[in-house]
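Here is the naming used below: chain letters follow the sequence lines, and residue numbers restart at 1 for every chain. What you see below is based on every heavy atom in this structure, not just the backbone, and it leaves out hydrogens, waters and symmetry mates.
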Amino acid sequence: MNIEQKIANEVVSIILEKSGMQIGTDKVHLQKTRKEFQGDLTLVVFPYVKAMRMSPELTAETFGKHLVTRLDEVIAYNVIKGFLNLTFSEKFWLDFLLNKTLEQSIEDKKQQPDQKPVVVEFSSPNTNKPLHLGHIRNNLLGYSISKILEANGQKVVKVNLVNDRGIHICKSMLAWMLKGEGATPESLGKKGDKFVGDYYVLFESLLRKQVNELSSEQGLDEEEARIKAPLMEQARELLRRWEARDHEVVEIWKKMNGWVYEGFDKTYQRLGVSFDKTYYESETYLLGRDIVLQGLNSGILYAKADGSVWADLSEYKLDDKLLLRADGTSVYMTQDIGTAQLRYDEFDASEMIYVVGNEQNHHFDVLKKVLKKLGKNYADTIYHLSYGMVELPEGKMKSREGTVVDADDLMDEMIDTAKKTTEELGKTQDFTEEEKSLLYNMIGLGALKYFMLKVDPKRNMLFNPAESIDFNGNTGPFIQYTHARICSIRRTAGEDRMHKASDFILMSNLNEKEKRLIKTLYDYPNVVSEAAREMSPAQIANYVYELAREFNQFYHEYSILNEPDVTQSNFRLCLSDLTANTIKQGMTLLGIVVPERM
RNA sequence: GGUUCCGUAGCUCAGUUGGAUAGAGCAACAGCCUUCUAAGCUGUGGGUCCUUGGUUCGAAUCCAAGCGGAAUCACCA
């Protein structure tokens, strides 16, 4: 039982003894004592003054007196207005540190065997465009949340659903067939996804010309012209042939998608994300139809006169949703019904998380309602991890205006900046070329990932390409630096010394910085479970930053290895060691690697 | 127009189911390397927590209305 629970139990029993009122321990709210007051944990007593029939001050006094006598860990208290500040014994804090040190690190919860997994879908790219900044946020979030859930003892299956079919792919294919002259990524020395993306852009510009001509010659408006343009007709013809499994078309489609995957794989690898399973829409886009037809047969869904199938969602105050067109073909929603079922059948998932932008909030709302209507119990296990858009100073990224921030370019830039900054500081002269390049990657990507993940997922965030992502202050490199700094101390101390460090005898008089550091370390497990509950890597990011800051203040004010008192020195060494381990562990949950030297 | 989300320092963001005098970083200014890594540390200035009401011992946080912004309301995905 941890100390918070012990206190809560005591509070409950004191209230019961004094007033006869029974309250749940979950109603006892404890908070960290603010640093301007004396104490470690604070109980706000206002909620209990009625039951206790005392003034807030007297209530707090009563609680304080009892807690000190009943709990060894609580050695002192003070009361300010209705706030009861409790102080824990140094033994309590030192025991915590010793236990953790013996374990060698802060450990995350172990997975329980035989439990149902959580399926996390993220990334889900289109194969006609290279990955951009928005995808980066998606990928980092998905990956990090998977790590965080694992750290909470859950089994996680990371899945990707690639949108590899449809009219947009046909556009790239058509442009390549018409203008490519047999070019390949190899022949042009281009990354596969970029290569294919270029043909998508080319298609759009060719189409634009036709649309303009049609508008001026026949006076059609833009929308009509786009539909009537011969290029669009050709693209639709390609899609029809693809769906009919036309050999030639399928071969080209395979070839071009293959190029894209090669490119994506490189980007994923650099970004450090991976998947346990990849689904392809070309293999799943027909799913869902049967479920819808069953729903129609059993009268849950209805058909209109033209044969189209709909879900009546008026009970949820939503518009009716089309699920099958009059010609029997599926829409996006239908596919998602199918893939949800597939995923559920395949993994027997306890929870299915979809990391998808908030522009699809409504879609997921409807998806859950339709599944529920169809009697699928797993509808309730679907969680849309909805995240905000990454915006530029001038607003949304628009591919037409060329404001899209490319994922590879951005990573290149970050790594390049890391290189420059590191070279200017000149601390890595003795690094080999390989070590250098590893370090630059670590720092550049650390800066980028931390920048993206420290913001609450649900909020829109701003990225200004004009000012590069910072390396000082609340940033990835600052945290990485703190880790490297501690590693340097470890090296100086030497292995023998590190082994013996936990030999420190319980001493008294923890100084303020030591105490705050140890208290922050103590918080780690809570933060990890909170991050999982809130589905927010930002909680981890902000915590690790806080920890690093706390350490640097301590480091600045007190000497660790040069402290003449051996016990004191060993204690500080342990404290530093645990800090480094915790930083590393926390950063791992963000998908960020920390260096030993930088 | 309906629905949902958002509005905190010049800028980017924290702020734990309502709790004490609202916090960081960047930017600006002033300091700190003969000592374990200065990508660091210390200090100064900077606030109508969008506005107005309400709920209560107490509101940045909850409720209502308004203002401003975003997304969405497709037989696109």
Side-chain angles (χ1 to χ4, degrees), chain A residues 26-27 29 31-34 36-37 42 44-47 49-50 56 80-83 85 124 126 163 165-168 281 285 306 308 310 317-319 321-327 329-333 335-336 357-363 365-366 386 388-389 391 395-396 418 421-422 424-425 427 443 447 451 454-456 458-464 467 470-482 484-493 526-527 530 533-534 538-539 541-542 545-546 548-549 551-553 555-563 569 572-573 576 597-598:
Chain A
D26 56 318
K27 293 275 183 279
H29 184 54
Q31 55 186 302
K32 283 187 269 177
T33 303
R34 297 182 61 129
E36 58 266 38
F37 301 100
T42 295
V44 184
V45 302
F46 291 109
V49 295
K50 235 181 202 166
I80 298 168
K81 292 193 276 182
F83 297 89
N85 301 320
S124 311
N126 289 339
N163 181 358
R165 63 163 286 281
I167 191 72
H168 49 283
E281 235 182 73
Y285 79 108
D306 65 359
S308 57
W310 296 73
K317 291 181 180 157
L318 292 170
D319 291 338
K321 179 66 193 175
L322 174 94
L323 294 173
L324 289 175
R325 298 185 184 101
D327 64 5
T329 55
S330 295
V331 293
Y332 181 45
M333 186 63 71
Q335 287 180 45
D336 259 7
N358 62 10
E359 60 209 346
Q360 293 194 36
N361 284 355
H362 185 256
H363 172 78
D365 215 23
V366 173
S386 160
M389 302 286 98
E391 288 170 340
K396 252 185 111 163
T421 310
T422 308
E424 273 168 27
L425 290 169
K427 295 182 195 170
I443 298 174
F451 177 81
K454 76 170 175 182
V455 181
D456 183 342
K458 69 171 188 282
R459 286 177 57 135
N460 285 2
M461 64 179 292
L462 189 113
F463 174 80
N464 188 348
E467 31 188 273
D470 239 301
F471 281 42
N472 298 319
N474 188 355
T475 67
F478 166 79
I479 296 162
Q480 291 172 315
Y481 172 78
T482 308
R485 199 176 218 186
I486 299 174
C487 288
S488 165
I489 297 170
R490 282 172 172 162
R491 279 191 301 274
T492 310
N526 289 333
V527 173
E530 194 57 23
R533 206 177 60 79
E534 302 255 326
Q539 306 251 355
N542 287 305
Y545 170 63
E546 174 72 24
R549 239 177 75 222
F551 178 81
N552 280 315
Q553 289 174 24
Y555 172 91
H556 187 258
E557 201 160 330
Y558 298 98
S559 202
I560 296 159
L561 296 175
N562 297 330
E563 164 60 47
S569 176
R572 288 181 184 163
L573 200 49
S576 306
R597 288 185 58 193
M598 69 185 272

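Counting any heavy atom pair closer than 4.0 Å across all strands shown, A:D26 reaches no nucleic acid atom. Across all strands shown, A:F471 has heavy atoms under 4.0 Å from base atoms, whether or not it also approaches the sugar-phosphate. Counting non-hydrogen atoms under 4.0 angstrom, A:E467 reaches nothing in the nucleic acid. A:M389 comes within 4.0 angstrom of no nucleic acid atom, judged by non-hydrogen atoms across all strands. Note on A:T422: a base of the nucleic acid sits closer than 4.0 angstrom, heavy atoms only. Residue contacts for A:I489: at a heavy-atom cut-off of 4.0 Å it reaches the sugar-phosphate backbone alone, with no base atom in range. At a threshold of 4.0 angstrom between heavy atoms, the contacts of A:D336 with the nucleic acid are absent. Residue contacts for A:V44: at a heavy-atom cut-off of 4.0 Å it reaches a base atom on one of the strands shown.
Against the 90° criterion about 0, the sugar-base torsion of B:C49 places it in the anti range.
When rounded to the nearest whole Å, the span between CD of A:Q360 and P of B:U72 equals 9 Å. In this structure, A:F551 places its CZ atom 13 Å from P of B:C36, rounding to the nearest Å. Taking atom CD on A:E424 and atom C1' on B:U37, their separation rounds to 17 Å, with Å as the unit. Atom CD in A:E391 sits roughly 16 Å away from atom P in B:C11 (whole-Å rounding). Per the geometry, CE belonging to A:M333 stands 10 Å off P belonging to B:C73, to the nearest Å. Rounded to whole angstrom, the span from the NZ atom of A:K454 across to the P atom of B:U12 amounts to 12 Å. To the nearest angstrom, C1' of B:C36 lies 11 Å from CD1 of A:I486. The nearest whole Å value for the distance from the CG atom in A:L462 to the C1' atom in B:C6 is 14 Å.
For the pair A:R485 and B:A38, the criterion of a side-chain N or O lying under 4.0 Å from OP1 or OP2 is met. A sub-4.0 Å separation between OP1 or OP2 of B:U12 and a side-chain N or O of A:R459 is absent. Between A:R34 and B:A22, a side-chain N or O to OP1/OP2 separation shorter than 4.0 Å is absent. Distances shorter than 4.0 Å separate none of the side-chain N or O atoms of A:Y332 from OP1 or OP2 on B:A77. A sub-4.0 Å separation between OP1 or OP2 of B:A14 and a side-chain N or O of A:N474 is absent. Contact check, A:R325 against B:C76: a side-chain N or O comes under 4.0 Å of OP1 or OP2.
Both A:A548 and A:Y545 lie close to RNA chain B; mapped to their nearest nucleotides by heavy-atom distance, the more 5′-ward contact belongs to A:Y545. In terms of position on RNA chain B, the residue among A:L425 and A:I167 whose nearest nucleotide sits closer to the 5' end is A:L425.
An aromatic stack links A:F46 and the base of B:G19, using centre distance under 5.5 Å and interplanar angle under 30°. The aromatic ring of A:Y555 is not stacked on the base of B:G40, since the criterion of ring centres less than 5.5 Å apart with planes inclined by under 30° is not met. A stacked arrangement is assigned to A:F83 and the six-membered base ring of B:A20, with a centre-to-centre distance below 5.5 Å and an interplanar angle below 30°.
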Protein-nucleotides 42-46 of chain B N/O pairs closer than 3.5 Å?
| from | atom 1 | to | atom 2 | distance (Å) |
| --- | --- | --- | --- | --- |
| B:U42 | OP1 | A:Q553 | NE2 | 3.4 |

Output a table of nitrogen or oxygen pairs between the protein and nucleotides 62-64 of chain B separated by less than 3.5 Å.
none

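Using a 4.5 Å heavy-atom threshold, the side chains of A:F478 and A:N552 count as touching. With contacts defined as side-chain heavy-atom distances shorter than 4.5 Å, the pair A:E534/A:E530 qualifies.
Remark: the separation of the P atoms in B:G43 and B:C36 is 23 Å, to the nearest Å. With C1' as the reference atom, B:C63 and B:U55 are 7 Å apart, rounded to whole Å. On the C1' atoms, B:A20 is 29 Å away from B:A64, given to the nearest whole Å. Nucleotides B:A70 and B:C13 are separated by 16 Å at their P atoms, to the nearest Å.
Candidate nucleotides B:G40, B:A77, B:A38 were compared by shortest atom distance to the side chain of A:N126, and B:A77 ranks first. For A:I443, counting side-chain heavy atoms from C-beta on, the closest listed nucleotide (B:A39, B:A20, B:A77) is B:A39. Picking from B:C41, B:U37, B:A70 the nucleotide with the shortest atom distance to the side chain of A:N552 gives B:C41. You'll find that the side chain of A:N85 is closest to B:A20, out of B:A70, B:C75, B:A20. Minimum atom distance to the side chain of A:T492 is reached by B:C36, of the listed B:C36, B:A20, B:C13. Which of B:A39, B:U37, B:A14 sits closest to the side chain of A:R491 comes down to B:U37. When each of B:U37, B:C75, B:C6 is scored by its nearest atom to the side-chain atoms of A:K458, the top-ranked nucleotide is B:C6. If you check B:G40, B:A71, B:C26 against the side chain of A:D470, the one that comes closest is B:C26.
Between A:F83 and A:F46, the ring planes lie perpendicular to each other; the angle is over 60°, past the 30° to 60° tilted range.
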Would A:F451 and A:F463 count as a side-chain contact (heavy atoms from CB on, under 4.5 Å) if you check the C-alpha gap in whole Å, the side-chain angles of each, and the deciding distance to 0.1 Å? CA-CA 9 Å; A:F451 177 81; A:F463 174 80; 3.7 Å; yes

Could you please spell out the steps behind the side-chain contact (heavy atoms from CB on, under 4.5 Å) verdict for A:N542 and A:V527? CA-CA 10 Å; A:N542 287 305; A:V527 173; over 6 Å; no

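Under 3.5 Å, the side chain of A:T482 and the base of B:A39 form no donor-acceptor pair of N or O atoms. Judged by distance alone with a 3.5 Å cut-off, no donor-acceptor contact links the side chain of A:T475 to the base of B:A39. One cannot find a donor-acceptor pair under 3.5 Å joining the base of B:C73 and the side-chain atoms of A:N361.
The CG atom of A:L323 sits 7.5 Å away from the CE atom of A:M333 when rounded to the nearest 0.5 Å.
Considering every non-hydrogen atom in both A:S576 and A:F551, the closest pair reads OG-CE1, 3.5 Å.
For the residue pair A:N361/A:S386, the side-chain donor-acceptor check at 3.5 Å is satisfied.
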